[in-house]
Amino acid sequence: MGWLGPAEIEALRLSLRVSFWATLVTLPFGIFVAYALARWRFPGRQVLNGLVHLPLILPPVVTGYLLLLTFGIQGPLGGPLAELGIVFAFRWTGAALAAGIMAFPLMVRAIRLSIEAVDPKLEQAGATLGASRLMVFGTVTLPMILPGIIAGSILAFAKAMGEFGATITFVSNIPGQTQTLPSAVYAFLQVPAGEAAATRLVIISIVIAMSALLLSEYVGRRVAKRVAGS
Amino acid sequence: MGWLGPAEIEALRLSLRVSFWATLVTLPFGIFVAYALARWRFPGRQVLNGLVHLPLILPPVVTGYLLLLTFGIQGPLGGPLAELGIVFAFRWTGAALAAGIMAFPLMVRAIRLSIEAVDPKLEQAGATLGASRLMVFGTVTLPMILPGIIAGSILAFAKAMGEFGATITFVSNIPGQTQTLPSAVYAFLQVPAGEAAATRLVIISIVIAMSALLLSEYVGRRVAKRVAGS
Amino acid sequence: AAASLKTALDEIAAGYEDTTRHEVTISYAASSVLARQIQAGAPADLIISANEDWMDVLQGEDLIEVASRVDLLGNGLVLIGAQDTEPTEIAVGLDLITRLNGGYLAMALVDAVPAGIYGKAALQNLGLWNDVEGQIAQTDNVRAALALVATGAAPLGIVYRSDAIAEDRVGVIGTIPEKFHPAIIYPAALTISSGPEALSFLTYLQGDEAQAEFLRQGFSLPEG
Amino acid sequence: MSLSIRLQHQLSDLALDLDFDAPSGVTVLFGRSGSGKTTVVNAVAGLLRPAAGRVAVDDWVLFDTGQGIWLPPHRRRLGYIFQEGRLFPHLTVRQNLNYGRWFAPRGARRESPDRVIEMLGIGHLLDRRPAMLSGGEKQRVAIGRALLASPRLILADEPLAALDDARKAEILPYFERLRDEVSVPILYVTHSAAEVARLATSVVALQAGRVVRHGPASEVLADPSVAPAGVRAVGAVLQVRVAAHHDDGLSELEAGGERLFLPRIPHRIGDELRIRIPAQEVILSSRRPEGLSALNVLSGQVDTIRAGEGPGAIVSVRTPAGMVLARVTRRSVAALGLRQGSPCYAVIKTVALAPQDVGGRVVAP
Amino acid sequence: MSLSIRLQHQLSDLALDLDFDAPSGVTVLFGRSGSGKTTVVNAVAGLLRPAAGRVAVDDWVLFDTGQGIWLPPHRRRLGYIFQEGRLFPHLTVRQNLNYGRWFAPRGARRESPDRVIEMLGIGHLLDRRPAMLSGGEKQRVAIGRALLASPRLILADEPLAALDDARKAEILPYFERLRDEVSVPILYVTHSAAEVARLATSVVALQAGRVVRHGPASEVLADPSVAPAGVRAVGAVLQVRVAAHHDDGLSELEAGGERLFLPRIPHRIGDELRIRIPAQEVILSSRRPEGLSALNVLSGQVDTIRAGEGPGAIVSVRTPAGMVLARVTRRSVAALGLRQGSPCYAVIKTVALAPQDVGGRVVAP
Ligand SMILES: Nc1ncnc2c1ncn2[C@@H]1O[C@H](COP(=O)(O)OP(=O)(O)OP(=O)(O)O)[C@@H](O)[C@H]1O
Ligand SMILES: Nc1ncnc2c1ncn2[C@@H]1O[C@H](COP(=O)(O)OP(=O)(O)OP(=O)(O)O)[C@@H](O)[C@H]1O
Ligand SMILES: [Mg+2]
Ligand SMILES: [Mg+2]
């Protein structure tokens, strides 16, 4: 990558790291919430559903601002967490948090749809064979929704790679810490003659996201084949 | 809504109009592309898939800029379309275009997942009963994926309601034409003491998007009930 | 620092690092974002804003060292058009409407973004505001306004001089005389949590080497 | 109308390679689980594209790899009753039933929906969705859906397996009617000996993807060496006329001057019928039996004696009523000294002639 | 072990209201399509929560609305063979088979997988996925999966309907073994008279959600007035001993000093068996028959004569071998002058005693 400056390579690596962790850490939550929304009826279900979708609806800047207020050093959650050693403010972890939250609705929607497509009769069959609810989930539901999980994760990863508004508002644009590819693109776009550099970074984003997409298609197809067996 | 100024009501109405049309007009394309990706194998399938996801990956500003280059008055598509009387530049239609394109990947993903969950054996059964491919689609596949279509549409609508970066870059912010709620929110956030007004608008966005969500849950559940019959 | 300073500041910071072996980390974002982050306790030492209002807010909340506040830079507004447009003098009675020819005037948000606010003031002072008010395409930042003109979407635009001179695809029709708008100031200040190196960098920014670079990028130095 | 089928196809570990002509009427595909029956039916339906082959109804070619003809499934005008039902979950029973009718060409022969609904006993289910049906109810709706599509070819993959005997007995006549009156060719997969015996015009026995026996039902059924439907299905068919209905619940039939009694049947006096007499149920006697509870005794001569595998033999006895088959042990053949031409008596229990074995009309293959 | 079931539940247009005790062994639920059989089985499995009721295996309560007990399905230790298979599509056949074993408690009685796989004839399918199986193969895997879960209660909803006769004949003994040796209670839904006759310890006849007849299989089967499995299933059960195997393919049995011949059975000489003699297959004679092809003649006296509906009657004949039932016409009863105490001869065709009707051991209810 001779045509990338060290700062750009830095941004690329950071973006990958942020998106990777954002996806990985939100995944269990995403699966849990999707399952709860798909299969359980509980009071507050619609509230949860609304909350999950919030980042999609709000302008990213607003989400970032809310994150800043909540998870900032002086925020109601940021303070206590900081005492536990978990600091989000102006760290790459914060960028991951922002990206994860922005990507969360996409992930949940995808997984939820695939859970809803699983025939409860198969889950029942698992139960009669002695598998507890959790076991049924692990051995029947989870494998059958793998295509949805992969789809949801890649969608989330792609979204995280492209996330910008909430991230820059929450954790700013600090090279090496929070300057992800999109932030770098933004910075380049703010100055004269930055277009060339911005274009370069955009192309990198595209290449990475497309590779992830292709990979997910490939894996998803193989898994779907296994699941459908045809 | 006494506590909303006329400009804000204008922005609200415009946002609703833009999101509604963005969703409605992209829907047939979304269904078609989702079907093609789910059920057909053709050369360029992965390219199409990548293209669809592009707006998700790119920073919205970049998407907006590309739209400007393509659909601007002097763009390769904008020019010819303008001669046909279809002008996007600085019109609400352009805002709808931007919103639609930004929301497209979400819509396609949701619909595609639900198409993939339809058992091809039922489509085969339709075929043996004399229904052509198109008829099978209309009478078997389409009704069965309605929950996915509703989910995808609401997701797209919500995304369209929150879209800002691509819109303002492509068609800027012209009150009454392209000043949607998020643009207004952004503007308020740029100035000190704009928070109160921004909060007001954000709450409106949330209420609207949540209502859409609730409605979609309700309709989706009813449809799913019909489809699953249980 | 304000995002529009990126090119210049990157150069200057590199020079500073070479001479002092101190490391400088710069985060570029919109002035409003930077101000809010400092409000929320961002670990910043020095802030360079494109917006005096936000600096006033921070000062009001005692988040910056009042003594260190300086007006670091200035800038000018220009009216731009397509590459080949004829330069004109900008004065009261400018035939802006004719030149727009039904098209839009690209500006940053006229009530929110500094460039837009200055531009609106200029238009008001030029007595043009009421005429063009309905024909303004506002963008979230100056660069986007510049892009509208550069791509031909808008025939005219009002942007910073520093942005206009580097864009080949637009031509400067004329600089808006400073008397028509409030002085465009980039204030800088140390935050209350700043360390000693921050002061040295702020001082360096005001040195000759740095100022020459700023001038090269189209900024001006504040009067006085 | 006749159906000709030639197929070559390789499945994971089954090589399908068969070639047979099915005369008009019901062709029963018979074979063990996994022998390829459903695969053949799918190929005829166009749901599976075989490597090579040809399927035609008379000169209407459904596909022919040689000529490159391939009619898509929806152009084949089929009534396919799937082994697993495949009802449309989003449609009500009524809509499921009507589905095929929407697409049937205007001029097509139409079944009366009311008649089909009544016969299948699904009138009270019309507004339900499939998820609210029992297993047997689903299958009945699936049968109705296929029949109402005005098909030119019916494919039935174990259509009655999920149904109880009483319901089977009600639906079987309908297939018979299709076979006899409407002359729609029917390709019928079943494991049930009674269904084979009752419906089959011809039987194709499959084994591991190949045809091991193929012929008119009466021949295949009378052949103890193959007995694709199990030896219990071997039997003879007699042409009879209803002579009288008696007060004690018996009907009297006349055949070649002989009288036969069986439990009351619904036909009118004078009706011509064919009844199947399972070889299983016939006892032979070397002298006229007396004091026996069996009311039906036909005298005749032994025509042939065919020993099958195992201890049994099938003895054909020529009687005035027609040829009767009896399944007896080889030991009895020896004990009674039976050989070709021996006079003997065929004893048939009245109750053994169940209404199930009486068909309105049995078309000779 | 005995299973007691009491249920009240309202379905769309079926009111389920039943109460019966099933003794250990196989309880067959019998009834027309839509009569509520699957619903009952689902309630026992815990897949449906009935409005009121109680289900218990001995004193192990699965649920009791009165006491507020509700064991979730996975704690009920069931082997449920579903009417529609319900194999896990994402698992191979082998994994499907092993599924229940993963969750079986350590100490549970374990079936040998090899034995089950061999019996079901699915050894060559182990690495396939369900989508690549034929209908019958799927059902066999489903049976195997349930059996290998070490269940304390087996629920079988028409498990053999999709299988061919030969396969049925292979699998039936396995259910018999479960019933006789392992004493797992089995709730078995079937439409097949032969299965009822062969497996049922007790029979519960359902009609529109209610029990219309319930009793030991031998009683219900011997009662011509109900005949839930059709009159053809009525029959008697004799206790016999294998006396000899003959070269001509026949086996000789001994019962109370009388000899019976039937086609070769696999049991060893000296084995004690119970065989079912369908009433259908028995002819009565007032004098000792001679010159008949039937090898089995038992002399005895008429015990009871029960007229059913229709033209038939069931005559019980007390013979040295035990009680034998014969289904004859009322006309024959009159013609032969049969009344209680009349001496008579029961004639049973050798080939009518099919191996299908021979059980290793039939537990008296
Ligand atoms: N989920 C349901 N909701 C409402 N009604 C139902 C539901 N499932 C079944 N039914 C109805 O309840 C009745 C009993 O159904 P069930 O499945 O128990 O019958 P079954 O005796 O098993 O029949 P089959 O032999 O056809 O399988 C039927 O009339 C059926 O239509
Ligand atoms: N999609 C498939 N891919 C590969 N092999 C298959 C597929 N479907 C079925 N088979 C195999 O092909 C063989 C024939 O299957 P088919 O369904 O035609 O059997 P069948 O005669 O209908 O059996 P049954 O009576 O059990 O329904 C079986 O061995 C089966 O395992
Ligand atoms: Mg099959
Ligand atoms: Mg059932």
Side-chain angles (χ1 to χ4, degrees), chain A residues 27 31 34-36 38-42 110-154 216-230, chain E residues 38 41-42 44-48 62 71-93 95-106 108 125 127-133 138 141-142 144-157:
Chain A
L27 190 55
I31 294 174
Y35 191 85
R39 286 285 154 89
W40 297 339
R41 296 287 166 271
F42 53 92
I111 298 176
R112 178 176 168 185
L113 268 183
S114 62
I115 290 176
E116 280 169 350
V118 172
D119 189 351
K121 290 192 169 176
L122 290 175
E123 297 174 328
Q124 288 182 350
T128 66
L129 289 162
S132 64
R133 270 222 206 174
L134 200 70
M135 273 299 176
V136 167
F137 179 77
T139 56
V140 180
T141 321
L142 196 63
M144 295 195 68
I145 61 172
L146 260 190
I149 290 181
I150 292 172
S153 303
I154 292 298
S216 83
E217 286 285 329
Y218 176 75
V219 176
R221 225 179 13 250
R222 290 205 49 176
V223 170
K225 215 172 194 167
R226 272 190 49 205
V227 171
S230 58
Chain E
T38 300
V41 176
N42 279 340
V44 173
L47 301 182
L48 173 108
L62 297 184
L71 277 193
H74 70 278
R75 306 272 297 285
R76 298 193 180 194
R77 307 271 321 278
L78 304 162
Y80 189 163
I81 302 158
F82 294 93
Q83 199 168 358
E84 350 78 77
R86 299 201 194 176
L87 295 181
F88 300 123
H90 61 294
L91 300 180
T92 61
V93 167
Q95 292 165 328
N96 265 284
L97 289 173
N98 282 332
Y99 191 90
R101 306 179 72 221
W102 301 338
F103 304 107
R106 220 151 296 274
L125 307 173
D127 294 317
R128 297 217 203 140
R129 284 179 205 285
M132 312 246 291
L133 300 181
K138 274 183 203 143
V141 175
R145 183 178 68 171
L147 298 182
L148 289 174
S150 313
R152 286 169 63 176
L153 177 62
I154 288 178
L155 305 172
D157 197 356

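Residue numbers start from 1 in every chain, and the chains themselves are labelled A, B, ... in the order their sequence lines are given, proteins ahead of strands.
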Partners passing salt bridge (Lys or Arg N to Asp or Glu O under 4.0 Å) against R152(E) (at least two apart in sequence or in another chain): none
Part of R86(E) within contact of chain A (heavy atom distance under 4.5 Å): both
Gap separating the OG1 atom of T139(A) from the NE2 atom of H90(E), nearest 0.5 angstrom: 6.5 Å
Heavy-atom pair with the smallest gap, counting every atom of F103(E) and G130(A): CB-O, 3.4 Å
Trace of the side chain to side chain contact (heavy atoms under 4.5 Å, CB included) decision for Y80(E) with L129(A): CA-CA 8 Å; Y80(E) 189 163; L129(A) 289 162; over 6 Å; no
Contact origin within R128(E) toward chain A - heavy atom pairs under 4.5 Å: neither
Within residues 115-124 of chain A, residues adjacent to chain E where the heavy-atom gap is under 4.5 Å: K121(A), L122(A), Q124(A)
For the student: nearest non-hydrogen atoms of H74(E) and A131(A), plus distance: CB-O, 2.9 Å
Segment of L87(E) engaging chain A (4.5 angstrom heavy-atom cut-off): backbone
